[in-house]
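Here the structure comes first, spelled out in structure tokens, and everything after it is commentary.
The model shown is predicted, which means the values in this text are computed figures rather than measured ones. Only this structure's heavy atoms are used, side chains among them; waters, hydrogens and symmetry mates stay out.
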Amino acid sequence: MADAASQVLLGSGLTILSQPLMYVKVLIQVGYEPLPPTIGRNIFGRQVCQLPGLFSYAQHIASIDGRRGLFTGLTPRLCSGVLGTVVHGKVLQELGPGNVQKEVSSSFDHVIKETTREMIARSAATLITHPFHVITLRSMVQFIGRESKYCGLCDSIITIYREEGILGFFAGLVPRLLGDILSLWLCNSLAYLVNTYALDSGVSTMNEMKSYSQAVTGSCWWMPSLLPNIYVLDRLLVHATKRGEYEPRK
């Protein structure tokens, strides 16, 4: 119970701190370019045109909506994080504790069982929290056209349900699920291959080296998940374009 509470508190703190950068990242992904490129130099010293960085984008948003505007979409994102952490932990608890015996921990069967267990937990958390994910993205993207349809959590829920029904809360769910599942299996399989074939079993610090390899491969899970984010945003923009809420930049 204490572990779950600490995870929720830590995750909420990180979510709040990273919200401005997350906001800027989403706007960049949909192709929003409010500032003209500047002349700069690349790593080879050649003069090139460069788009403004994250902090320049953040300053632009703050100049229009104030510093508070940098935290647009924070409430549904916090709800998604808290609910996802709780559901993930509950599902793992229902599935039972994993087998952590040393003689089994390096077997491929153990990797399959643990990855399947984690896949079920993550998929359940993604399914439950996806409506909040949709609301978060839509409340951010509407900054481009200066709309105000998704200004609050309750208003956003009513708007989506009235215009699109229940299915509107699950726009882009399939590519997001596929991206999470593929990234999970990819990273766990990579960790298994590194631990089994790349590390010498005779090294005295074998356990420590394996823990490092698992940490490195486990930390890369978010890289493949950037791909489904693009599909989710594309799906959302298709809906917005059909309703006349968003006009792509020509």
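- Closest of all the heavy-atom pairs between H130 and R176 is ND1-NH1, 3.1 Å.
- Residues meeting the ring pair (Phe, Tyr, Trp, His ring centres under 6.0 Å) test with F143, sequence neighbours left out: Y32.
- Here the closest non-hydrogen pair linking G168 and R138 is O-NH2, 4.0 Å.
- Under the side chain to side chain donor-acceptor pair (under 3.5 Å) criterion, S18 pairs with R77, sequence neighbours left out.
- Using a 4.5 Å heavy-atom threshold, the side chains of L92 and R117 count as touching.
- Going from atom CG of L54 over to atom CG of L27 covers 11.0 Å, rounded to the nearest 0.5 Å.
- Contact annotation: the side chain of V87 never approaches that of T129 to less than 4.5 Å [non-hydrogen atoms, C-beta and beyond].
- In terms of heavy atoms, C151 sits closest to S156 at N-OG, 4.1 Å.
- A salt bridge between R146 and D65 is present, with a side-chain N of the basic residue lying under 4.0 Å from a carboxylate O of the acidic one.
- Looking only at side-chain heavy atoms (C-beta outward), L127 and F170 come within less than 4.5 Å of each other.
- By the 4.5 Å heavy-atom criterion applied to side chains, V141 and Y150 are not counted as neighbours.
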Between F169 and Y161, is the side chain to side chain contact (heavy atoms under 4.5 Å, CB included) condition met? List the steps. CA-CA 8 Å; F169 294 102; Y161 180 76; 3.9 Å; yes
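- Contact annotation: the side chain of T38 never approaches that of C49 to less than 4.5 Å [non-hydrogen atoms, C-beta and beyond].
- Note: Q50 CD to R41 CZ = 10.5 Å, rounded to the nearest 0.5 Å.
- Contact check for V26 versus T136: no side-chain heavy atoms found under the 4.5 Å cut-off.
- Remark: R162 CZ is packed, more than 12 non-hydrogen atoms of other residues, nucleotides or ligands lying under 6.0 Å away.
- Inter-residue side-chain proximity for V111 and S189 is flagged as unmet; no heavy-atom pair is nearer than 4.5 Å.
- Residues M140 and Q29 are not in side-chain contact: their nearest non-hydrogen atoms beyond the backbone lie 4.5 Å or more apart.
- Listed here is the closest heavy atom pair of Y57 and V24: CB-CG1, 3.5 Å.
- Neither V82 nor L17 shares a network with the other; the hydrophobic side chains, linked directly or stepwise wherever heavy atoms of I, L, V, M, F, W or Y lie under 4.5 Å apart, form separate groups for each.
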